[in-house]
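Report on the following structure.
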Protein chains: 2
Amino acid sequence: MFESAEIGHAIDKETYEAEVPALREALLEAQFELQQQNRFPVIVLINGIEGAGKGETVKLLNEWMDPRLIEVRTFDQQTDEELARPPAWRYWRMLPAKGRMGVFFGNWYSQMLQGRVHGLFKDAVLDQGINGAERLEKMLCNEGALIFKFWFHLSKQQMKARLKLLQDDPLHSWRISPLDWQQSQTYDKFVKYGERVIRRTSRDYAPWHIIEGVDPHYRSLAVGKILLAGLQAALKRPNLKPDKVSAAPLTTSVDRLGLLDALDMSQQLTKKDYEEQLITEQARLSGLLRDKRMRKHALVAVFEGNDAAGKGGAIRRVAAALDPRQYSIVPIAAPTEEERAQPYLWRFWRHIPARGKFTIFDRSWYGRVLVERIEGFCTPADWMRAYGEINDFEEQIDASNVIVVKFWLAIDKQTQLERFQEREQIPFKRFKITEDDWRNREKWDDYRAAVGDMVDRTSTEVSPWTLVEANDKRWARVKVLRTINRALEAAFEKSDKHDKKRK
Amino acid sequence: MFESAEIGHAIDKETYEAEVPALREALLEAQFELQQQNRFPVIVLINGIEGAGKGETVKLLNEWMDPRLIEVRTFDQQTDEELARPPAWRYWRMLPAKGRMGVFFGNWYSQMLQGRVHGLFKDAVLDQGINGAERLEKMLCNEGALIFKFWFHLSKQQMKARLKLLQDDPLHSWRISPLDWQQSQTYDKFVKYGERVIRRTSRDYAPWHIIEGVDPHYRSLAVGKILLAGLQAALKRPNLKPDKVSAAPLTTSVDRLGLLDALDMSQQLTKKDYEEQLITEQARLSGLLRDKRMRKHALVAVFEGNDAAGKGGAIRRVAAALDPRQYSIVPIAAPTEEERAQPYLWRFWRHIPARGKFTIFDRSWYGRVLVERIEGFCTPADWMRAYGEINDFEEQIDASNVIVVKFWLAIDKQTQLERFQEREQIPFKRFKITEDDWRNREKWDDYRAAVGDMVDRTSTEVSPWTLVEANDKRWARVKVLRTINRALEAAFEKSDKHDKKRK
């Protein structure tokens, strides 16, 4: 795979100096066009052999282009805020916004390669990492991002010569870390696993570019031209999304019977039973969140449901059990300007709780397959791929001990009507009912179908949906609390078992 | 000062239960009105004696009101990301946006009180803290924030009884930290310094409310009613800013001679001198930023100047000296939606570099006293108070070893005209010249006056302005680099001396 990057590519000084001015001008032009269009971000991943000119090339690109539109990100040591959250959080928080360019040193590939080379894990885990990277990049491209992946290569001999050279130059010696030197010994491994990674993650929408790093003129021109060609093509394309194929419509069940039909909407609790059970479940939740084992977990509760199904009331009963310093509630409304400049999951990633904390989402990422689908705020291809992306997202955060509990609060159409009318009467509830609510009501059947699809496609072992019969608010509130408690207990038991095994 | 909070305030259960429903409804109503108006944020500071019901009251407020519009923030241990930046950064990043309510436990007051009580510093440092808090709150109020400061009080005897009670209750025992117990011994100190703090920071725009904490009914009703009255009054007021008095116009010097007139605009460098000096200064900068002592400092460079004065070119010459992993460039344009929902300095605080890093601001917080003043984007009172707020801001970050270097790149009117015309000819520069630039040019004299006022009022010992004669780009670039280098060297020497002294 690296053969053609070990043949001594070189470009003489004259050719280089003749070509650079035009290239530079064209790059600047493309960069400003990128900013003007403000349609997509550019993500540049920098990987490869130590000493192959990664840093120098990025530095040069910053000189050629307008550095004010480029963000260079390094990912070395994780900070404690990053360590308290799922691994991908640190990449999400650093994504460049539309119209800008982000250069990622020490990205997800470096992390998996270093881990494998140093023997922290075997191939199976490496392959998991590879699959994760692929899904992440696919999602980013689907959201419009333009991704360049550069692998700077040197043959073993070239690398040794290069490292020696750098060591001898006092101006450069600060760059060679002990880890770099170690790589000189582990070159074979690095190249072997590097090839595995490149082979599996080179895709039409985000191909790898292997650059021979020996000659500065060659590598600079090569990278510059690849960037320019990619940028120019993307700026001309009306739409960057790769899978804009016409998506096959989802089919509804032949007998038109859905999950929601199967709910027993007459479920209810007497006032006495409610008060007893509510206080029991609240005490239980309070105890569980104070449990020592909670320090290793985080908790996310997602509340979706029909308008007026009682999400707010249920959330308040959950919150009432807890110390306000331990939870936070994130109401999801229309995205802000900064959120619109990012992939759609970005605004949820930014609120993922640190270990020991509890975040309640009042509406959530499922808006993509509910309101956005129904109102046409995104294309069918967008919301159809969202099912898979959401499953990935939840699997990722689950893998970092974030417990995810998801509720759909269901009421019937008549109950909704009564609650709407009631709300219009009560002064401090009148804010809660708007024109939008009446309009949504007209789309009752569309929502019903969308909810069915959503549950079918995103109720997973890792994070199942709980459908809550919410015609009776008491029943709903107790069921919500009890479900959260059971999920916490199950997670705690699982980690107990895991701890025992390790001992 | 605390006498009337030790007299055993109490409210009987019947009165309490009779009053709560109406209070609750009114609070909810006010809260939704706050969200609807979306005009100002509410900041609630919670301080006082341990065991006086701080946590319980906040929990109750979250039950009474809509917890989705309240953010409860605790500030215990600083994270490593916070430790790498000036102390106030952690509060700025947690400020509630307009329309929302933030409850701050463990805020700036707790920090200064705990430090003083535990003898980490003396009264002089406490008083510095007090003054800092006062300036911060004054600024927040000027930006429209509504601030409530609650001090929950208990007499010494009451506190002892209360702590004993809590200890005996297994459900509450998790709340009593060793530090709390320690407070029981240091009660006298805590009350003494607490009084000092309260006395000096109770202001018309942000008064303290002292609440006797013994009786839950009393304290809950008291806090609820204070919040309600304050909210209702603020929601009715057309404008929350306290100092909307007509500001006296700034006077220009009688002989109409300004700082900019004193510049020798004919300063220039030959190509040869330029190339030599540029490379020397770039190498010097590169070395300084790699100096070990840089780990204790951060660097901020502010670039302001006439349109077409060559800010971009100067920034590129600075950047070219450096590893792109070490600096970032923040171009300041119109604020985003999330930035508009915060006090105006917020969008600069979010980019303050961590130790060891360098941030270049391409335009800056000085926009407030330049474009915002001239275009009338803020009131005269707003930009006039900005001078003081900016000085405070820079003094604060300087105190955390952030070196601030500020440049005004000045060109004359004729040079600007030539550069505008030139830009319109060059394809890859045509983006740089817009209608706005021509419009700004018509306000040449206004900008000149504003720059004079700005430099007079914000060129401080801590962070002086450097006026750069920029008719000759070469001269300007070298001067910029040299100034940064001198500032770095001066800061390093200062900290060397400081280190020696300590040894």
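We name chains A, B, ... by the order of the sequence lines, and we start the count at 1 in each one.
Comment: B:Arg363 engages B:Asp307 in a salt bridge, judged by a side-chain N to carboxylate O separation of less than 4.0 angstrom. At a threshold of 4.0 Å, the pair B:Lys59-B:Glu56 does not count as salt-bridged, since none of the basic side-chain nitrogens sits closer than that to a carboxylate oxygen. Salt bridge status for B:Glu82 with B:Arg93: present, with a side-chain N to carboxylate O gap under 4.0 Å.
With respect to chain A, the highest number of heavy-atom pairs below 4.5 Å among B:Thr336, B:Thr74, B:Ile360 belongs to B:Thr336.
Heavy-atom distances place no part of B:Leu60 under 4.5 Å from chain A, backbone and side chain included. With a 4.5 Å cut-off on non-hydrogen atoms, A:Ala354 does not touch chain B at all. Neither the backbone nor the side chain of B:Ala97 comes within less than 4.5 Å of any heavy atom of chain A. Interface remark: A:Glu339 contributes backbone and side-chain atoms alike to the contact with chain B (heavy atom separation under 4.5 Å). Only the backbone of A:Leu322 comes within contact range of chain B, judged by heavy atoms closer than 4.5 Å. Contact annotation for B:Glu63: both backbone and side-chain heavy atoms come within less than 4.5 Å of a heavy atom of chain A. With a 4.5 angstrom heavy-atom cutoff, B:Asp80 touches chain A via backbone and side-chain atoms both.
Note that the OG atom of B:Ser286 and the CD1 atom of B:Ile279 stand 11.5 Å from one another [nearest 0.5 Å]. The distance from the CD atom of B:Glu338 to the CD atom of A:Glu337 is 8.5 Å, given to the nearest 0.5 Å. Atoms CZ and NZ, on A:Arg316 and A:Lys311 in that order, are 12.5 Å from each other to the nearest 0.5 Å.
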